[in-house]
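Computed from heavy atoms alone, side chains included, the values below leave out hydrogens, waters and symmetry copies.
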Amino acid sequence: MIYNRRKNLIVVLGATATGKTDVSVALARRLGTEIVSCDSRQMYRELPIGTAMPSPEQLAQVKHHFIASRSIVEPYTSGLYEQDALVLLAELFVKYDNVVMVGGSGLYINAVCDGFDEIPPTDPTLRESLTSRLRNEGLDCLLEELRRLDPKYYEKVDRNNPHRVMRALEVCITTGHPYSSIRSGAKVRRPFNIIKVGVAMPRTLLYDRINRRVDIMVEQGLEQEARNVYSFRNMNALQTVGYSEMFDFFDGKISREEAIELIKRNSRRYAKRQDTWFARDSSIMWFDSSEEGVADTVFDYVAGAL
RNA sequence: GGUGCCAUAGCUCAGUUGGUAGAGCAACGGACUGAAAAUCCGUGUGUCCCUAGUUCGAUUCUUGGUGGCACCA
């Protein structure tokens with residue numbers, strides 16, 4: 001697709017609880033545009049509290065996409081997100097020169113900005129059979145098969161990581177080609193310009209915010225929200241901080257207090273992992289959201305970059 | 001006021017028959033192209049409360065402090 005004017009995707013990213021939502025809403029309002037969420041969990045309408053979805057007030061200020069747009073019962077992946085987001089962006093860029101994307105799911109952001117290699121979608125049946133083989137025959141057995149089908153990737157892969165090994169096998173089996181021969185690592189060129197804005201704050205401040213936010217979630221009814229989806233606990237969408245811990249509490253494995261402490265800790269660790277992911281992307285311009293008027297600072301920067 | 005016990009990692013504590021120390025939790029660093037809030041890998045980060053002794057050497061023993069706890073007044 002070729003546009004007759006320069007189109008910009010402004011990506012607001014950063015760890016959880018840094019204040020991305022506020023920045024993105026302010027930015028979208030001043031740019032007179034809409035927001036595309038890039039969050040692998042806020043898309044599930046059953047999980048408003050635990051995923052810290054934007055508030056109804058915030059949603060009323062700017063039109064948001066991919067917020068509460070799906071159900072936890074429909075499996076979804078980053079690959080599908082790439083497709084959905086590109087279709088949506090094509091529509092939005094007809095109306096707007098600038099679109100704001102906001103989220104903390106690094107892989108999803110990369111999918112949109114850099115693209116994935118052309119690989120057929122995941123086959124649920126195959127994944128299921130690999131999962132049960134992992135359980136029954138063990139990781140070593142799957143590793144043996146991977147060594148046979150793709151010796152090159154076998155050397156490279158993290159052999160302790162079942163997800164990586166199974167994913168590689170999946171691709172080898174469905175395509176009939178070694179995974180390593182398909183993985184190019186090449187970035188796709190998008191028909192729009194990309195401006196990445198990072199939102200961060202000092203670690204200790206962020207951890208305080210995370211801890212406080214979890215307490216607020218509990219006050220807002222996180223426990224009940226988790227109970228409502230308990231029967232779907234095996235769905236991928238519920239392999240999520242805030243829910244796994246509550247499920248362990250419901251199962252009597254831990255106390256309610258322990259569950260809350262673990263939600264805080266796991267949120268902190270999640271934030272750390274997000275930092276690690278974003279740290280290697282040198283194209284991100286970072287802003288400290290613990291300082292007054294970040295939204296204005298970010299807007300000035302973006303306006304200058306358009 | 002007296003007596004006793006305690007003081008070691010961010011927290012709870014173990015330990016060193018005198019050779020500068022280690023567990024759990026927390027924390028920290030990293031990987032990651034269709035499960036990604038997932039999954040996986042790595043790392044002790046320390047005035048052993050202070051002071052003066054004894055000693056080749058003190059976190060360990062002794063003296064005197066300081067702080068905390070308990071009991072007695």
For A/D215, the salt bridge (Lys or Arg N to Asp or Glu O under 4.0 Å) test, sequence neighbours excluded, returns A/K264
Regarding A/G50, tell me which of base, sugar-phosphate or nothing describes its non-hydrogen contacts under 4.0 Å with the strands shown. base
Could you give the distance separating B/rU59 and B/rC71 at their P atoms, to the nearest angstrom? 34 Å
With distance as the sole criterion, do the side chain of A/R164 and the base of B/rA38 form a donor-acceptor contact below 3.5 Å? yes
Can you find a side chain N or O atom of A/R273 that sits less than 4.0 Å from OP1 or OP2 on B/rA31? no
Between B/rG29, B/rU33, B/rC32, which one does the side chain of A/T276 approach most closely? B/rC32
Among the nucleotides B/rC41, B/rA35, B/rA38, whichever has the atom closest to the side chain of A/Q239 is B/rA38
Give me the residues of residues 261-270 of chain A where at least one heavy atom lies under 4.0 Å from an atom of RNA chain B, by number, or none. A/R265, A/R268, A/R269, A/Y270
Taking salt bridge (Lys or Arg N to Asp or Glu O under 4.0 Å) as the definition, give me every residue that meets it alongside A/E292, ordered by chain and number, with sequence neighbours left out. none
Under 5.5 Å and under 30°: A/Y108 stacked on B/rA36: no
Qualifying side chain to side chain donor-acceptor pair (under 3.5 Å) pairs with a residue from residues 184-198 of chain A, counting only residues at least two apart or across chains: A/N8-A/N193, A/E82-A/R190, A/D117-A/S184, A/K196-A/D281
Tell me the salt bridge (charged side-chain N to carboxylate O under 4.0 Å, His left out) pairs involving residues 37-47 of chain A, sequence neighbours left out? none
With A/E223 via salt bridge (Lys or Arg N to Asp or Glu O under 4.0 Å) - residues at least two apart: A/R227, A/R256
Using the purine O4'-C1'-N9-C4 or pyrimidine O4'-C1'-N1-C2 torsion, is B/rG67 syn (within 90° of 0) or anti? anti
Show me the pairs that pass ring-ring contact (aromatic ring centres under 6.0 Å, His included) and involve residues 87-121 of chain A, at least two apart or across chains. A/Y3-A/F93, A/Y81-A/Y108, A/F93-A/F192
Which nucleotide in the set B/rU39, B/rU33, B/rC41 lies at the smallest distance from any side-chain heavy atom of A/N161? B/rU39
Write down the distance separating the P atoms in B/rG10 and B/rC50, rounded off to the nearest Å. 14 Å
Applying the Watson-Crick and G-U criteria (both distances under 3.5 angstrom) with [ ] for crossing and | for other-strand pairs, one obtains for RNA chain B (((((((..((((.....[..)))).(((((.......))))).....((.((..]....)).))))))))).
Show me the side-chain donor-acceptor pairs of residues 152-160 of chain A shorter than 3.5 Å, one per line, residues at least two apart or across chains.
from, atom 1, to, atom 2, distance (Å)
A/D158, OD1, A/N160, N, 3.1
A/R159, NE, A/Y154, O, 3.1
A/R159, NH2, A/Y154, O, 3.4

Measuring to OP1 and OP2 of B/rG34, would you say a side-chain N or O of A/Y179 lies under 4.0 angstrom away? yes
Would you confirm whether A/E170, through its side chain, and A/D123, through its main-chain N or O, come within 3.5 Å as a donor-acceptor pair? no
Any A/Y76 side-chain N or O less than 4.0 Å from OP1/OP2 of B/rA35: no
Minimum-distance nucleotide (side-chain atoms of A/N160 versus B/rG34, B/rA35, B/rC40): B/rC40
Would you check if A/H163 stacks with the base of B/rA35, given a 5.5 Å centroid limit and a 30° plane limit, both strict? yes
Scan residues 220-231 of chain A against RNA chain B and write down, sorted by residue number, each residue with any heavy atom closer than 4.0 Å; if none is found, say none. none
With respect to the side chain of A/Y207, which nucleotide from B/rU33, B/rU39, B/rA27 is positioned closest? B/rA27
Using atom types as modelled, flag every donor-acceptor pair under 3.5 Å from a side chain in residues 299-306 of chain A to any protein atom, sequence neighbours excluded.
none

So which nucleotide from B/rC28, B/rC32, B/rG34 ends up closest to the side chain of A/R203? B/rC28
Could you tell me whether the phosphate oxygens of B/rA27, OP1 or OP2, come under 4.0 Å of any side-chain nitrogen or oxygen in A/K272? no
Does A/N110 make a side-chain donor-acceptor contact with the base of B/rU33, cut-off 3.5 Å? no
Please list all pairs passing the salt bridge (charged side-chain N to carboxylate O under 4.0 Å, His left out) test where one or both residues lie in residues 7-29 of chain A, with sequence neighbours left out. A/K7-A/D97
Output yes when A/E145 and A/R133 qualify as a salt bridge under the 4.0 Å nitrogen-oxygen rule, no when they do not. yes
What nucleic acid atoms does A/R41 come within less than 4.0 Å of, heavy atoms only: base, sugar-phosphate, or nothing? base
